[in-house]
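In what follows, chains are A, B, ... by sequence order, proteins preceding strands, each numbered from 1.
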There are 2 protein chains.
Amino acid sequence: MNKKKEITIYDIAKELSFSPSTISRALNDHHSISDKTIKLIKETAQKMGYRPNSIAASLRNNKSNTLGIMISRINRPFIASLISGVESRARKAGYNVIITQSNDIYKNEVDNAQALYDSRITGLVATLAMETKDYSHFQQFIDQGTPIVFVDRVPKGLNAYYVIIDNYMAGYKATKHLIEQGCTRIAHFAGAQHRNIYGERRKGYEDALLEHGFTVDPELLCEFSTLSFSEGKKATKNLLALPNPPDGIFSANDTAAVSAIMYAKKHGVRVPQDLAIVGFNDDPIASIVDPGLSTVSHPAQKMGKISAQLILDHTEKDDDDLTEIKMLKTELLIRESSLRKKGPVDLPLGKQQKADTN
Amino acid sequence: MNKKKEITIYDIAKELSFSPSTISRALNDHHSISDKTIKLIKETAQKMGYRPNSIAASLRNNKSNTLGIMISRINRPFIASLISGVESRARKAGYNVIITQSNDIYKNEVDNAQALYDSRITGLVATLAMETKDYSHFQQFIDQGTPIVFVDRVPKGLNAYYVIIDNYMAGYKATKHLIEQGCTRIAHFAGAQHRNIYGERRKGYEDALLEHGFTVDPELLCEFSTLSFSEGKKATKNLLALPNPPDGIFSANDTAAVSAIMYAKKHGVRVPQDLAIVGFNDDPIASIVDPGLSTVSHPAQKMGKISAQLILDHTEKDDDDLTEIKMLKTELLIRESSLRKKGPVDLPLGKQQKADTN
DNA sequence: ATAGCACTCGAAATCGATTGCATAAATTAT
DNA sequence: ATAATTTATGCAATCGATTTCGAGTGCTAT
């Protein structure tokens with residue numbers, strides 16, 4: 001092996017006949033070292049090719065300059081944006097970011113929690129796996145005073161920060177919008193009901209119906225386990241085969257909503273005239289599908305940045321109270337998939353396209 | 001603060017009147033500790049709530065059980081899948097994964113390289129920023145014997161592993177397919193030419209044209225800096241306004257290709273009859289846009305897994321030769337955007353849809 | 001002139017896990 | 001029965017940076 005020897009502060013100390021303490025202090029701009037000495041030491045360090053060993057520093061300081069992320073799967077637009085936000089904010093502050101994905105499996109989430117704990121992360125940003133119903137694997141972080149920020153899919157009642165959106169109101173507004181567009185039988189594609197976001201979106205849907213004089217028809221309420229493309233397709237098929245099919249669908253995500261649009265189109269059901277559809281998330285596919293999918297947009301990147309910031313701020317405080325809840329605004333983006341009435345609408349017109357590169 | 005004291009192997013040692021050495025060995029199933037003692041120590045560790053401090057282990061072992069990832073931006077389907085593959089393979093082997101994104105900016109890439117180096121990562125998986133032309137920030141890893149796996153967007157001539165696809169052949173086949181579909185004036189949306197993937201795709205395009213008796217018309221060669229949606233739209237507009245507009249486009253990514261489809265549709269140009277289009281990557285939008293976008297699919301997740309595996313395998317060898325090149329197969333997925341001729345085609349029919357969840 | 005203070009810097013302990021060397025006991029081989 | 005192993009464990013150094021005590025120098029104020 002041809003490994004070059006690594007330069008440590010001891011090497012610099014020997015070179016300059018200083019003590020390692022002085023080197024360390026100089027490199028960290030400690031006030032008790034003269035400017036001249038600091039300059040000399042930094043220049044020498046540079047010249048010798050010194051690079052700090054952050055592992056050693058982490059051990060000594062008992063903190064790792066690392067944030068941990070627990071998510072279901074990276075390969076989803078909302079999640080990718082969330083991570084992106086966490087990473088960019090964290091790195092600006094000199095923190096690394098470790099990612100772990102559960103693939104929505106509870107056991108993976110527990111294992112990942114162990115791995116992140118063992119890495120002595122400074123803080124944790126977590127969205128729950130679809131399966132997760134027990135939260136005891138988070139207790140170790142709380143016991144150690146390691147701040148947790150739960151984002152989007154969150155548990156109830158843990159001593160942690162929360163960064164969420166108002167799912168109830170978003171579901172309410174989306175359904176109300178469909179009603180205003182003249183829909184009288186509105187179906188709902190719902191996710192697993194023990195997960196807060198799906199339960200709340202559904203509640204918003206139901207309340208909007210009830211407040212406008214409709215009833216909640218169980219026939220029109222489709223509960224999905226994953227809200228996948230194929231699940232959406234199958235549900236759409238069933239709905240359209242009903243003796244009294246719906247004329248509107250509010251889907252708890254865009255994937256299932258898009259599958260509904262595509263199925264409907266293929267079978268001669270006009271969107272939005274025969275079937276108006278609203279999704280959730282504003283994934284890239286929402287602005288690509290034809291007709292464009294009306295949907296609820298999350299500020300995903302922003303949620304990530306805020307999550308990272310909460311942790312960074314927390315480490316500078318000395319109290320261990322962290323019950324702050326940040327609820328961010330969503331926006332109902334109205335595209336063609338739900339726009340039946342011409343003329344002015346009292347809601348903002350959604351963006352039609354999104355730029356992206358590769 | 002209410003932090004519980006952390007349990008270390010010293011605490012276990014005191015509790016059981018063993019030495020810390022014995023505790024350490026027992027927890028690692030060292031052969032020189034009796035089964036009985038191992039069992040006792042592990043049970044006690046469990047009972048006391050012991051959790052290993054991987055930072056301390058990393059310092060002592062001078063390796064971190066961490067892989068580093070350098071990518072342009074997470075928020076792209078190909079990249080997200082790549083990361084997903086690295087993460088899942090790495091975690092199975094007990095490694096953490098640190099992500100860094102450059103946003104295609106050279107300076108960020110250099111800074112991220114420093115941060116990853118300072119974290120003493122076991123290995124690095126990297127795809128280059130669009131801007132990057134100088135590779136000296138990778139030298140420090142090579143000097144230390146830290147393996148680098150370059151994926152997709154790779155530099156030339158560094159002592160590293162490579163995981164790539166045959167961009168030349170993919171570009172050649174895509175163009176040939178358009179020719180076979182009857183196109184006679186085929187445009188190309190090209191990316192920055194100093195980046196290998198875009199240069200190679202273009203070369204494949206040009207050679208396919210030449211070999212089939214066409215010439216390369218500079219008017220039809222559009223070089224993009226980012227291959228974004230808006231860039232694609234503008235280029236399509238220009239092309240269609242030509243006195244002699246193209247009847248086919250091979251785009252080096254899907255985003256620009258989809259923008260071309262949407263622009264053409266909006267302006268009464270029929271796809272594929274008047275304008276056949278092939279993209280690259282098989283992003284989710286490719287199977288959502290109408291007509292479905294023919295495209296070249298990458299095995300992104302697999303590339304990630306292979307990259308992680310190369311590093312894991314490398315750490316078990318003791319030679320420092322790492323010039324292995326893995327070239328993976330791509331597949332031309334033919335959808336409606338390029339399918340002019342009915343009847344049998346000598347290429348496999350692409351998948352029409354992809355499932356995803358949220 | 002001497003106490004008081006600011007400024008520079010060093011010695012040594014510390015963070016927690018690992019491991020080469022040494023030791024002692026137990027088992028096997030000759 | 002004695003030598004040769006094997007088994008089981010401890011001591012102490014080590015990884016590299018940080019930090020608590022000090023200690024020494026030079027300067028100002030009284």
Side-chain angles (χ1 to χ4, degrees), chain A residues 3-42 44-45 48-66 94 115 117-122 144, chain B residues 3-42 44-45 48-66 94 115 117-122 144:
Chain A
K3 295 188 194 180
K4 280 191 195 167
K5 191 188 166 304
E6 297 222 27
I7 307 294
T8 71
I9 57 170
Y10 297 94
D11 299 318
I12 304 175
K14 202 173 293 172
E15 175 77 15
L16 293 177
S17 300
F18 276 121
S19 79
S21 335
T22 303
I23 308 298
S24 172
R25 289 186 180 112
L27 293 172
N28 289 304
D29 289 313
H30 194 281
H31 69 274
S32 79
I33 308 291
S34 69
D35 289 351
K36 202 183 57 175
T37 307
I38 289 184
K39 187 152 174 286
L40 171 66
I41 289 177
K42 283 191 174 175
T44 309
M48 294 176 71
Y50 169 78
R51 285 272 84 215
N53 185 324
S54 52
I55 295 175
S58 294
L59 176 60
R60 170 61 221 234
N61 298 330
N62 203 27
K63 61 172 226 167
S64 63
N65 263 46
T66 299
Y117 181 86
D118 294 351
S119 298
R120 301 300 190 269
I121 53 173
T122 303
Q144 282 309 315
Chain B
K3 298 188 188 179
K4 279 190 195 167
K5 192 187 164 307
E6 297 223 26
I7 307 294
T8 72
I9 57 171
Y10 296 93
D11 299 318
I12 304 174
K14 202 174 294 172
E15 175 77 15
L16 293 177
S17 300
F18 276 123
S19 79
S21 334
T22 303
I23 308 297
S24 172
R25 291 188 178 111
L27 293 172
N28 290 304
D29 289 314
H30 195 280
H31 69 273
S32 75
I33 308 291
S34 70
D35 290 351
K36 200 183 57 175
T37 307
I38 289 183
K39 188 152 173 287
L40 171 65
I41 288 177
K42 283 191 175 177
T44 309
M48 295 176 69
Y50 169 79
R51 286 270 85 214
N53 184 324
S54 51
I55 295 176
S58 294
L59 177 60
R60 169 63 219 231
N61 297 330
N62 202 27
K63 61 173 225 155
S64 63
N65 262 46
T66 299
Y117 181 87
D118 294 350
S119 298
R120 301 300 189 272
I121 54 173
T122 303
Q144 282 309 317

query = Taking all atoms of both residues into account, what is the closest heavy-atom pair of B/S64 and B/T122, and its distance?
reply = OG-N, 3.7 Å

query = Hey, does A/S58 reach any base, or is it just sugar-phosphate, or nothing, if we go heavy atoms under 4.0 Å?
reply = nothing

request  = Using only side-chain N and O atoms of A/T37, determine if any of them is under 4.0 Å from OP1 or OP2 of C/dT8.
outcome  = no

inquiry  = In whole Å, I'd like the distance from the CD1 atom of B/I12 to the P atom of C/dG16.
reply    = 13 Å

message = Treating A/N65 as the side-chain partner and A/G94 as the backbone partner, does any N or O pair qualify as donor plus acceptor under 3.5 Å?
response = yes

task = Would you indicate what A/T8 reaches in the nucleic acid, counting non-hydrogen atoms under 4.0 angstrom: base, sugar-phosphate, or nothing?
result = sugar-phosphate

key: Distance, rounded to the nearest Å, where B/R60 contributes CZ and C/dT14 contributes C1'   = 16 Å

Sugar-phosphate only, base, or nothing, as touched by A/N62 at under 4.0 Å among non-hydrogen atoms = nothing

ask   = When A/Y50 is tested against each of A/T44, A/I12, A/I23, A/I41 for side-chain contact (heavy atoms from CB on, under 4.5 Å), which residue passes?
value = A/I12

key: Along DNA chain D (nearest heavy atom to each residue), the more 5'-positioned of B/I33 and A/L27   = B/I33

note = Separation of C/dA11 atom P from A/F18 atom CZ, nearest Å, is 12 Å

query = According to a strict under-4.0 Å criterion, is A/S19 in side-chain N/O contact with OP1 or OP2 of C/dG10?
reply = yes

task = Remember a base hit wins even if backbone is also touched, and classify A/S24 as base, sugar-phosphate or nothing at under 4.0 Å, heavy atoms.
result = base

message = At less than 3.5 Å, do the side-chain atoms of B/S21 and the base atoms of D/dC11 form a donor-acceptor pair?
response = yes

query = Would you say A/D118's side chain and A/A115's backbone share a donor-acceptor pair under 3.5 angstrom?
reply = no

inquiry  = For A/T37 and A/L40: C-alpha separation, side-chain torsions, deciding distance, then whether side chain to side chain contact (heavy atoms under 4.5 Å, CB included) applies.
reply    = CA-CA 5 Å; A/T37 307; A/L40 171 66; 5.6 Å; no

ask   = Does the side chain to side chain contact (heavy atoms under 4.5 Å, CB included) test come out yes or no for A/K42 and A/D29, once each step is laid out?
value = CA-CA 10 Å; A/K42 283 191 174 175; A/D29 289 313; 2.9 Å; yes

message = Please give me the minimum heavy-atom distance between A/R120 and B/E6, naming the atom from each residue.
response = NH2-OE1, 2.8 Å

key: First encountered from the 5' end of DNA chain D, between B/A56 and B/S34   = B/S34

Restricting to nitrogen or oxygen on both sides, can you table the protein-nucleotides 24-28 of chain C pairs closer than 3.5 Å?
none

Interatomic distance where CG belongs to A/N61 and C1' belongs to D/dT18 [whole Å] = 6 Å

B/L59 CG to C/dG16 P, straight-line distance once rounded to whole Å = 12 Å

task = Starting at atom NZ of A/K14, determine the distance to atom P of D/dG16, rounded to an integer number of angstrom.
result = 12 Å

request  = Would you classify B/Y10 as touching base, sugar-phosphate or nothing, given that sugar-phosphate means primed atoms plus P, OP1 and OP2, and contacts are heavy atoms under 4.0 Å?
outcome  = base

query = Are any side-chain N or O atoms of B/S119 and backbone N or O atoms of B/I121, one a donor and one an acceptor, separated by less than 3.5 Å?
reply = no

ask   = Between the side-chain atoms of B/R25 and the base atoms of D/dG10, is any donor-acceptor pair under 3.5 Å?
value = yes

key: Rounded distance (Å) that lies between atom C1' of D/dT18 and atom CG of A/D29   = 15 Å

query = What integer distance in Å separates B/H30:NE2 from C/dT18:P?
reply = 11 Å

